[in-house]
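This report concerns only the one structure given below.
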Amino acid sequence: MARKPNAILPFREKADDRRRLTGEDGPFAPQVSKTKEGLFSMVVCRAITWDTDFARRSKQVFDSYEDLERERTKHKALHPKDAEQESYFCKKNAYGGTAFGRKFENAKEYWDSAIDLEEEWRELTSREKRCAFTECVNFFRPPGDRAGRFKELGPLAAYLLACDVAYAGLCCYPSLGEVAQAVYDNDAGALKGLRYLGLVGSAGERRNRQTIPAIEAGLQEVMKFVIEGYSEKEREEMGFDIICVEHLLCKLSRNHRLLTAA
DNA sequence: CTCATTGTTGAGGCGTGTCG
DNA sequence: CGACACGCCTCAACAATGAG
């Protein structure tokens, strides 16, 4: 279990590399989170280096694309054997499915975008009243913008990044409805988990408008189960919240084999 | 038999084309 | 604009085979 914390642990905030990322030297720390450097670094970590040895070992905030590139060169010298593999820096299947265009060099465009978007980003994260969760998702991946602001940062990655931003206190937590919408849009692991539990209908009902409320009801059911099963103190210790529910459901289908084999 | 190596397979996120 | 189908062609999991 401890071998692959990101892939298996349902409580995402407890994974050790994740805690590093949200720490004082990470891109979500208050002194950098609203800057272009912070924005660049958080996109890089989600869209490129997630779940890699590079992310675990290197510094977390980069001042430019060149800075990131220098860090890569450093690691190639420091860990010649490990860093030989491109997957040391970028895992194409970090979120399950293989994203074929996911690659280290995308960071170059990310840096340009971070410069262009810095003002908008600062405004979005500096409001007296925190912006809505969905608005944050839309910042990273505007609906209808097919090329996307950040290449290879798809709907799933944009959702996850917005969750990170919510944890950092820079936007609102998602409502149950917003998570349901994301689960619907992504049509990924969480929906499988809900089907596995029998809380939503079969695959044939996918993309049917009827299923968004069904997804919401399913999520509610899972929330209820955990709230009834664990005391507030236990939930507190687990870091349980609405975001966990989605994350937990993703783990469910992936770990199904492991769970039943035990 | 055990352990190591090679071979096979299918799940799956993202981008694009198309349609309404 | 959103919804959907499809292709990309990788990587982990598992199976088969080989070596000791």
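No experiment lies behind these values; they were computed from the predicted model shown. A, B, ... follow the sequence lines: proteins, then strands. Residue 1 opens every chain. Values reported hereafter were calculated over all heavy atoms of this structure, with side chains retained and with hydrogens, waters and symmetry mates removed.
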Checklist entry - So what does A:R146 touch, heavy atoms closer than 4.0 Å: a base, only the sugar-phosphate, or nothing? => result base
Next on the checklist: If you assign each of A:F150 and A:G97 to its closest nucleotide in DNA chain B, which residue comes earlier from the 5' end?
Outcome noted: A:G97
Item to check | d(CG, A:N93; P, B:dG10) in whole Å | outcome: 18 Å
Next on the checklist: Can a side-chain donor-acceptor contact be found between A:Y65 and A:E69 if the only test is distance below 3.5 angstrom?
Outcome noted: yes
Item to check | Length of the NZ-P vector between A:K151 and B:dG13, whole Å | outcome: 20 Å
Next on the checklist: Nearest whole Å is fine: how far is B:dG13 P from A:L161 CG?
Outcome noted: 17 Å
Item to check | Geometric class of the A:F40/A:W111 ring pair [parallel <30°, tilted 30-60°, perpendicular >60°] | outcome: perpendicular
Checklist entry - In terms of hydrophobic clusters joined by side-chain contacts under 4.5 Å, are A:L219 and A:F225 together? => result yes
Item to check | Per A:E152 side chain, nearest of listed nucleotides C:dA12, B:dC14, C:dG2 | outcome: B:dC14
Next on the checklist: Applying a 3.5 angstrom cut-off to the pairing atoms, does DNA chain B sit in any stems of at least three consecutive Watson-Crick or G-U pairs? List them by first number.
Outcome noted: B:1-11 with C:10-20, B:13-20 with C:1-8
Item to check | Distance, rounded to the nearest Å, where A:E86 contributes CD and C:dT10 contributes P | outcome: 13 Å
Next on the checklist: So if I take every side-chain heavy atom of A:R141 and compare against B:dC14, B:dG15, C:dG2, which nucleotide ends up nearest?
Outcome noted: B:dG15
Checklist entry - Can you tell me how far C1' of B:dG15 sits from CZ of A:F100, to the nearest Å? => result 11 Å
Next on the checklist: Heavy atoms only, 4.0 Å cut-off, all strands: where does A:G101 land among base, sugar-phosphate and nothing?
Outcome noted: nothing
Checklist entry - Please give, in whole Å, the distance from C:dT10 P to A:Q85 CD? => result 13 Å
Checklist entry - Is the NZ or CZ atom of A:R70 positioned over A:F62's six-membered ring, under 6.0 angstrom from the centre and within 45° of the axis? => result no
Next on the checklist: Testing the 3.5 Å rule here: is there a donor-acceptor pair between the side chains of A:S87 and A:Q85?
Outcome noted: no
Next on the checklist: Given C:dA3, C:dC11, B:dC14, identify the nucleotide with an atom nearest to the side chain of A:Y184.
Outcome noted: C:dA3
Checklist entry - Angle class for the A:F104/A:F54 ring planes (parallel below 30°, perpendicular above 60°, tilted otherwise)? => result perpendicular
Checklist entry - To the nearest angstrom, how far is A:D145 atom CG from C:dG2 atom P? => result 11 Å
Checklist outcome for this item: Given the options A:L161, A:V61, A:D164, A:M42 meets side chain to side chain contact (heavy atoms under 4.5 Å, CB included) only with A:L161
Checklist entry - CG of A:D185 versus P of C:dG2: gap in Å, rounded? => result 9 Å
